[in-house]
Amino acid sequence: EGFPVGVCVLEKQDRGVEHVLHVLILAGGTRRSWDEFWPRLAELAKRLGCAAIEGHGRKGFMKWTERYNMRPIYTAYRVEV
């Protein structure tokens with residue numbers, strides 16, 4: 001009780017026509033802690049004048065984000081060299 005359950009690192013990005021709150025790192029926690037955290041994150045984005053919240057994550061993370069109306073916006077590719 002009272003101890004951090006995860007970590008979140010954010011960056012406000014200026015995209016020219018809008019500001020976006022970009023989630024760089026989000027780790028730890030449970031579904032319940034995410035449900036408690038989400039309204040705070042959305043309020044912070046609004047206070048910072050952001051039009052949206054964006055972040056990266058593995059495909060399986062979508063099951064956690066869909067309930068907040070998040071949607072995929074692009075696909076990333078990688079190759080080992």
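Just so you know, these numbers use all the heavy atoms, side chains as well, and skip hydrogens, waters and symmetry mates.
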Open item on the list: One pair to check against side-chain contact (heavy atoms from CB on, under 4.5 Å): Leu10 and Leu41. What are the steps and the verdict?
Closed with: CA-CA 10 Å; Leu10 307 169; Leu41 184 62; 3.8 Å; yes
- [ ] Kindly write out the residues that satisfy side-chain contact (heavy atoms from CB on, under 4.5 Å) with Arg47, not counting sequence neighbours, or none if the list is empty.
- [x] Glu43, Leu44
- [ ] Kindly check if the number of other-residue, nucleotide or ligand heavy atoms within 6.0 Å of NZ (Lys46) is above 12?
- [x] no
Open item on the list: So, taking the atom named NE2 in His22 and the one named SG in Cys50, what distance separates them when rounded to the nearest 0.5 Å?
Closed with: 12.0 Å
Open item on the list: Between Met70 and Val20, is there shared hydrophobic-cluster membership here, with clusters defined by ILVMFWY side-chain heavy atoms closer than 4.5 Å?
Closed with: no
- [ ] Using the salt bridge (Lys or Arg N to Asp or Glu O under 4.0 Å) rule, pick out the option among Arg15, Arg71, Lys12 that qualifies with Glu54.
- [x] Arg15
Task: Same apolar cluster (I L V M F W Y, side chains within < 4.5 Å links), Leu48/Phe37 - done: yes
- [ ] Using the rule that two of Ile, Leu, Val, Met, Phe, Trp, Tyr join whenever any of their side-chain heavy atoms come within less than 4.5 Å, decide whether Leu24 and Val7 are in one cluster.
- [x] yes
Task: Co-membership, hydrophobic cluster, residues Trp38 and Leu26, 4.5 Å side-chain - done: yes
Open item on the list: Let me check something: do Tyr68 and Ile53 share a hydrophobic cluster, defined by ILVMFWY side-chain heavy atoms less than 4.5 Å apart, either directly or through other members?
Closed with: yes
